[in-house]
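Below, chain A is the first sequence line, B the second, and so on; all start at residue 1.
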Number of protein chains: 4
Amino acid sequence: MTSLPTVPRGAGRDAITDAAREIFAERGYHGTSVRDIARHAGLSLSALYYWHPSKQHLLAALVEESTQEYFERCDAALREEGDEPADRLRALVRATVEYRVSRRVESAIAASEWRNLSLENRERLDGLRQAATRLWSDLIAEGVARGVFRCAHPEDARRSVIAACNAIAQWYEPGGDITLADLVERYGDIALRIVDHRG
Amino acid sequence: MTSLPTVPRGAGRDAITDAAREIFAERGYHGTSVRDIARHAGLSLSALYYWHPSKQHLLAALVEESTQEYFERCDAALREEGDEPADRLRALVRATVEYRVSRRVESAIAASEWRNLSLENRERLDGLRQAATRLWSDLIAEGVARGVFRCAHPEDARRSVIAACNAIAQWYEPGGDITLADLVERYGDIALRIVDHRG
Amino acid sequence: MTSLPTVPRGAGRDAITDAAREIFAERGYHGTSVRDIARHAGLSLSALYYWHPSKQHLLAALVEESTQEYFERCDAALREEGDEPADRLRALVRATVEYRVSRRVESAIAASEWRNLSLENRERLDGLRQAATRLWSDLIAEGVARGVFRCAHPEDARRSVIAACNAIAQWYEPGGDITLADLVERYGDIALRIVDHRG
Amino acid sequence: MTSLPTVPRGAGRDAITDAAREIFAERGYHGTSVRDIARHAGLSLSALYYWHPSKQHLLAALVEESTQEYFERCDAALREEGDEPADRLRALVRATVEYRVSRRVESAIAASEWRNLSLENRERLDGLRQAATRLWSDLIAEGVARGVFRCAHPEDARRSVIAACNAIAQWYEPGGDITLADLVERYGDIALRIVDHRG
DNA sequence: AATGAATGAGTATTCATTCAT
DNA sequence: TATGAATGAATACTCATTCAT
């Protein structure tokens, strides 16, 4: 029993979004009831529906925000970087790792609840998702073109690097021995090995 | 409307297990109703309960079988191999990739429905899961000890290799251009780069 | 999407009554939500409750106004008429037909939502309803007493005439080929035949 | 509190249909909850859904059965009759009155809940409804053609006769002073006067 | 070895209404 | 003279499961 916060008037929207994020992440979309969410938020069921038209909408909003933020972090990281492919790959890894760690909960939702989005929502958000993927693909292609990455199968390399970074969310415990900076360095190294980078 | 198969008398058990496998994989545990499973199996709801005590039991059986089989494939692959770490790592990758591809559906269930196992079942199956993990860890540790793998962080390497192999299930289409043998070779290469293998 | 009217300040009461009338008529009392009414009126839900204490009150007010007006029209029509029963019957038919046509919407509510009035409201309004009925009964009785109406069962005649007139609301389309004056004449004829009038 | 009957196993379907009929008639479609129906039937809510897919389906089934039966009674009554229009009109009145009285409850539903049918159901049942109407129209037209009915506006006559007969359901109390045979005779007379029949 | 009929607890969502401002 | 935010009870419907046969 976690103690239920008393929600100040007008703060309902965020309380509900926060609660939904936590419980969706913990139990999955179908394993979560809107009652659970409302209770966890310290509000009535009706208040939930005052702010959000449906459970599906709640999920879509979380996934959208998360997907959007991920893309923006990656995009920003690349724009701040020079044009050396190795540096740029490290930048993308850093953005991804930082994202998976600092937004662990919502990134888990975006990853595992994608199939529970309605067809409509899935189509709407797919472009954003692919845009993020393309950042990786283009970058690796460029490295290969320049001869600094030598991997024979760039798409497999890309998927492997992303999968390795994503998996961090499943085991990493913030506040433990390993710092975020450690992670960034380690997974940057791994990524460069995966694309077979030669200085 | 897929035509429902007429189940031969006595074949009920398998028909139900097969149906559960497909639908759990497609919609997730909580997104699946026992009615869906029974209907898909071409049997009555009561027949389902004749063969299986509960929905949870059905899930646990699938996860158990899948986890068991994975471990055995890995174990067998290693036993057939010599003691060269690189070869052994390739063997483990081969076992994993072949497993993810040939048992794509059940491996997806084992991966994503783990949290929906009851505490009891989760504890019961956890040993098996860890045993498989240990095969990887021990192997990489051995490679490092021998100086043929030079990765600084063997656990991160292990997680990355496994994550890369597992991700195959999400995109690979059997019957397409890429053969299973291609995959095994490509991901063996990637794995060896991840552990920083030097001939 | 019908465009919602902007309600001038102070005109809220009528806007709500009008909206309630339309929607109650269209979907029935239980098929209508107060939210529908407020939205249709272009006002907030709270504004509705500022002006009207409850949904039930809203219905009762509409039924009352309608029933009252019907009685007054009938009463006035009779007072303007001489004492010839046939003329008086035509006058009552005219009042009724004109009412059903010009107040089609509210008369439909009064007719079909009567049962959804609270017991209290039903009892309060019943006297008014019966008063209108008595106008018909007394008139027909008078005609029979004078020997100009020869129907053997005056109450059945009364119910039949009223039913015939009321039914007009279900099919008549104002602005079509049949004018209101046509209707008044046709249904006056029918009424006189029903009571078996002999000049 | 009416005592709830214990429903024998297997008799659920009828118990629910009967209960739905009664409560829909009493409170209207939207005024009735499926819980009310199940409780009234002496069964669980789930049993209701075992037998009927939805509340709407329940309504449509009742309306369909009622509309169908009404048409068949009218059709049968006409087929048993000779070709004299006056006799045939009396036959139709008899069928209608008997129907309204003996199937009072369902005929009230068919009359007042028509608008609560889904568009789909309404379209499906509309043909049946019109077929019944046509029996009346054709008959009156025939009487007019033969010169035995002299009404100037046959459609208004038709509507009036039907409205008069239908209204019986609103006031008639079986078991009172007036017998069904009385009603049939009285309303036959009224009908013949409405169409202005001359022997 | 299997079924048809039934259940109680739960689902997402909407209801009429009220509160604080 | 209004409103935005909130509520508790109800809504139609589905769930996993059990019972009698």
Requested in this report: Go through C:Arg115 and D:Glu26 one step at a time and tell me if the salt bridge (Lys or Arg N to Asp or Glu O under 4.0 Å) criterion holds.
Outcome: CA-CA 9 Å; C:Arg115 71 169 160 198; D:Glu26 196 176 311; over 6 Å; no

Requested in this report: Tell me, with the steps shown, if B:Arg21 and B:Glu65 meet salt bridge (Lys or Arg N to Asp or Glu O under 4.0 Å).
Outcome: CA-CA 11 Å; B:Arg21 193 166 17 231; B:Glu65 190 208 24; 3.5 Å; yes

Query - side chain to side chain contact (heavy atoms under 4.5 Å, CB included) evaluation trace for C:His30 with D:Tyr29 - result: CA-CA 8 Å; C:His30 285 300; D:Tyr29 182 69; over 6 Å; no

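For D:Asp36 and A:Gly12, each mapped to the nucleotide of DNA chain F holding its nearest heavy atom, the one lying further toward the 5' end belongs to A:Gly12. Residues B:Ser46 and D:Ser54 both approach DNA chain F. Their nearest nucleotides, taken by heavy-atom distance, put D:Ser54 toward the 5′ side. If C:Arg35 and B:Leu48 are placed on DNA chain E by their nearest nucleotide, the residue sitting closer to the 5' end is B:Leu48.
If you check the side chains of A:Asn121 and A:Ser118, you find a donor sitting under 3.5 Å from an acceptor.
Spacing between atom CZ of D:Arg13 and atom P of E:dA6 amounts to 12 Å, rounded to whole angstrom units. If you measure from atom CG of A:Asn116 to atom P of E:dA12, you get 13 Å, rounded to the nearest angstrom. What separates NE2 of B:His52 from P of F:dT17 is a distance of 13 Å, to the nearest Å. A straight line from NE2 of A:His57 to P of E:dA12 spans 16 Å, rounded to a whole angstrom. For the pair C:Arg39 CZ and F:dG4 C1', the computed distance is 15 Å after rounding to whole Å. Between the P atom of E:dC15 and the CD atom of C:Gln56 lies a distance of 18 Å, rounded to the nearest Å. Nucleotide E:dT13 holds its P atom 13 Å from the CD1 atom of A:Ile16, rounded to whole Å. Taking atom CG of D:Leu45 as the reference point, atom P of E:dT7 lies 10 Å away to the nearest angstrom.
Taking side-chain N and O atoms only, A:Trp51 has no distance below 4.0 Å to OP1 or OP2 of F:dG4.
B:Ile37 and B:Ile16 get closest at one heavy-atom pair: CG2-O, 3.9 Å. Between B:Leu117 and B:Val63, the shortest heavy-atom distance links the atoms CD1-CG1, 4.1 Å. Closest approach of D:Arg27 to C:Asn116, counting heavy atoms only: O-OD1, 4.5 Å.
Residue A:Tyr50 has its side chain nearest to F:dA5 when only E:dT17, E:dT7, F:dA5 are considered. Of the candidate nucleotides F:dC15, F:dA16, E:dA1, F:dA16 has the atom lying nearest to any side-chain atom of B:Lys55. Here the nucleotide nearest the side chain of B:Ala47, chosen from E:dA2, E:dA6, E:dT13, is E:dA2. Looking at the side chain of C:Tyr49, the nearest of the listed nucleotides F:dT3, E:dC15, E:dT18 is E:dT18.
At the heavy-atom level, B:Ser33 lies under 4.0 Å from the strands shown only through sugar-phosphate atoms.
The base of F:dG4 has none of its N or O atoms less than 3.5 Å from a complementary donor or acceptor on the side chain of C:Ser44.
Helical stems in DNA chain F, defined as runs of 3 or more consecutive Watson-Crick or G-U wobble pairs with donor-acceptor distances under 3.5 Å: E:2-21 with F:2-21.
With respect to the salt-bridge test (charged N to carboxylate O, under 4.0 angstrom), the residues A:Arg39 and A:Asp36 qualify.
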